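Notes follow the structure.
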Amino acid sequence: MAKLRAVRGTQDLLPEAWARHCHVEETARRITGLFNYRSVATPVFEFTEVFARTLGETSDVVTKEMYTFADKGGDSLTLRPENTAGVARAFISGNLQQQLPLKYFYSGPMFRHERPQKGRLRQFHQIGIEVLGVAGPAADIEVIQAGAHVLDALGVRDLTRLELNTLGDPDSRTAYREALVAYYARRESELSEEGRSRLQRNPLRLLDSKDERDKAVSADAPGYDDYLNGQSTDFFAEVCEGLDALGIAYVRNPRLVRGLDYYGHTAFEFTTDALGAQGAVIAGGRYDGLVATMGGPPTPGIGWAGGIERLAMLTTDYPEASPVVSLVPVGPAAEKQALPLADSLRRAGIAVDLGLSGNLKRRMQQANRIGARAAVLLGEDELAKAVATVRDMESGEQREVPIDRLAAALAP
RNA sequence: GUGCCCAUAGCUCAGUUGGUUAGAGCGCCUGGUUGUGGUCCAGGAGGUCGCCGGUUCAAAUCCGGUUGGGCACCCCA
């Protein structure tokens, strides 16, 4: 079989798949545009520390999933595993703090060295939005609303459910973390090996372990609600009220935590059961500490990212390419006429496929294969009369049309 | 990174306890039609059975390794 293949975990997006892909992206850009999120693009690679420092030294993304390489100058660069850090870096690099608040939309490839699985690739694509500079829950509500709206527009909202949680402010999180560590440390011997590792790395993650032993211990673990301070509780309550007022349904998932360190307060995921284990299609949360962590002016932020491939898999209908007209010249004289004729038709807004080789029969087959709505035949007979034969490819009916009226006759 | 399953024509798959020239449907090509597609008819091309090695008189079939894929874990979009 072919010796030349795409790198593991990457794929070619050929016309049909790419059309779905583009549909997801364009829909998201259009909908977030209605919320006044402006489209931006940041580099596909950054200095490694942009990700290493912000995502959390112990996170899986940093410890084992990054595509890191040295460039010729000796700098360590990394292909972006996600785009929030890149946007934050751009915000700092560009001194954009005077323009706050900012609302950005992005779309593009991300890279993670993971074992490929359904809905999980090494090069995958994300759409996402970020709001910088809004500390209050209004931003959380709008960001979630925009996500819901995108899913609506894609026709996949009813395949998903919104899970919501709060990670609290830093004080609450610290207090809760201490309580959890104290609790789990007491029963450490009952935990799985992986569970003990999480206790060291990220105790919050013990809460959503799927290991039965960990689950058993977690059943009696202290709840976060008891450790949230008033400010955190009020913030979350306002987010919930806002969603209620908008009629956006959600389920509280107290075990929903984020793998990346910079999240606090609101955390949410739109998940689906239709994609196996990779259920999250849009996920995000608030990251008030991120920009300051990177050395920028303390700036609150919130956003989400959505997996284009995952969303595309849920999408059943997407607009098909509008049918074209095939221009079929017969003979050398007609070949010469065909180029300028095709040009004038295209300038009139008509999509024209000009068969570039083959005899009449072959070009008719080609017209059929590409689903042309009409074939325009141009041969000796037609040239002599300054007409073209227009064949309706569905009915097979043919009629002669003067060449100077072709554009009007072919208008969709 | 760990575990389980899978790998035969361009695509989807058959291939019986290892046994002669590995099959089907779809697709592709040619002809029936010298200026006419899609339907129909006739014919044709196309596979070192993922790759490497082993067992055997004999391997697509059994064994080991490897690569790729699927599913789950881990983690995440």
Side-chain angles (χ1 to χ4, degrees), chain A residues 1-11 24 28 55-56 58-65 80-84 107-128 147 160 192-195 197-198 201-202 205 208-211 214 256-260 269-272 275-284 303-314 326 328-331 334 355 358-383 389-398:
Chain A
M1 205 77 75
K3 291 173 183 169
L4 225 40
R5 48 175 49 143
V7 173
R8 179 168 211 196
T10 68
Q11 64 181 187
V24 171
L55 301 183
T58 60
S59 70
D60 276 38
V61 170
V62 168
T63 55
K64 60 184 192 189
E65 293 174 3
R80 61 184 184 193
E82 52 89 50
N83 209 1
T84 300
S107 172
M110 308 294 161
F111 306 85
R112 257 120 94 155
H113 192 104
E114 298 185 273
R115 183 138 166 193
Q117 198 176 320
K118 183 187 185 74
R120 194 171 77 184
L121 294 155
R122 290 185 173 181
Q123 177 181 338
F124 61 105
H125 299 78
Q126 286 186 334
I127 49 173
T160 69
S192 67
E193 190 180 336
E194 167 64 22
S197 171
R198 289 188 190 192
R201 296 198 325 266
N202 188 347
R205 294 223 69 96
D208 67 348
S209 172
K210 289 173 188 168
D211 188 283
D214 299 339
L256 175 64
V257 294
R258 296 264 69 120
L260 308 181
E269 281 182 14
F270 287 92
T271 62
T272 179
L275 256 35
Q278 265 60 244
V281 292
I282 284 181
W304 52 250
I308 295 182
E309 285 85 355
R310 291 183 186 179
L311 289 166
M313 279 191 278
L314 294 182
S326 275
V328 180
V330 183
N359 57 20
L360 174 59
K361 180 176 180 132
R362 176 149 302 282
R363 294 188 197 209
M364 287 301 291
Q365 286 176 338
Q366 172 71 4
N368 185 61
R369 194 157 27 222
I370 66 176
R373 57 190 167 93
V376 177
L377 283 75
L378 202 61
E380 302 292 331
D381 300 347
E382 286 85 354
L383 286 182
T389 298
V390 176
R391 180 181 178 91
D392 183 304
M393 291 299 284
E394 200 169 334
S395 67
E397 287 172 14
Q398 297 193 174

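Note on naming: letters A, B, ... go to the chains in the order of the sequence lines (proteins, then strands), and numbering restarts at 1 for each one. Treat the numbers as computed from the prediction; the structure is a model and nothing was measured.
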Sugar-phosphate, base or nothing in reach of Gly331(A), heavy atoms under 4.0 Å: nothing

Whole-angstrom distance between G38(B) and G27(B), as gauged at atom P: 11 Å

Sugar-phosphate, base or nothing in reach of Gly9(A), heavy atoms under 4.0 Å: sugar-phosphate

Glu82(A) side chain to Thr84(A) backbone, donor-acceptor under 3.5 Å: yes

Sugar-phosphate only, base, or nothing, as touched by Leu121(A) at under 4.0 Å among non-hydrogen atoms: base

Phosphate-side-chain proximity, Arg362(A) and U30(B), N/O vs OP1/OP2 below 4.0 Å: yes

5′-ward residue of the pair Ala305(A)/Pro116(A) relative to RNA chain B: Pro116(A)

C71(B) and C28(B), which share atom name P, separated by this distance in whole Å: 30 Å

Spacing of the P atoms in G68(B) and C62(B) (rounded, Å): 23 Å

Sugar-phosphate, base or nothing in reach of Glu269(A), heavy atoms under 4.0 Å: nothing

Polar side-chain atom of Arg310(A) near backbone of Lys118(A) as donor-acceptor pair, under 3.5 Å: no

Sub-4.5 Å side-chain heavy-atom contact between Arg362(A) and Asn359(A): yes

Euclidean distance, Leu314(A) CG relative to Thr160(A) OG1, rounded to 0.5 Å: 8.0 Å

Reading 5' to 3' through nucleotides 35-45 of chain B, protein heavy-atom contacts under 4.0 Å coded B for base, S for sugar-phosphate only, - for none: BBBB-------

Gap in Å between the two P atoms, one belonging to G15(B) and one to G53(B), rounded: 28 Å

Base-pairing string, 5' to 3', of RNA chain B - Watson-Crick or wobble, under 3.5 Å, | interstrand: (((((((..((((.....[...)))).(((((.......))))).....(((((..]....))))))))))))....

Any donor-acceptor N/O pair under 3.5 Å between C71(B) base and Arg120(A) side chain: no

Gap in Å between the two C1' atoms, one belonging to G46(B) and one to C11(B), rounded: 13 Å

Arg115(A) (side chain) and G3(B) (base): donor-acceptor pair under 3.5 Å: yes

Rounded distance (Å) that lies between atom C1' of C76(B) and atom CD1 of Ile308(A): 16 Å

Side chain proximity check, Pro116(A) to Arg8(A), heavy atoms < 4.5 angstrom: yes

Leu121(A) backbone acceptor or donor facing Arg112(A) side chain under 3.5 Å: no

Whole-Å C1' distance, A9(B) and C5(B): 24 Å

Gap in Å between the two P atoms, one belonging to C51(B) and one to U67(B), rounded: 15 Å

Distance test, side-chain N/O of Gln117(A) to OP1/OP2 of A72(B), below 4.0 Å: yes

C13(B) versus U8(B) - spacing of their P atoms, nearest Å: 9 Å

Gln123(A) side-chain N/O to Gly9(A) backbone N/O, donor-acceptor pair under 3.5 Å: no

Residue pair Thr389(A) / Glu382(A), side-chain donor-acceptor N/O under 3.5 Å: yes

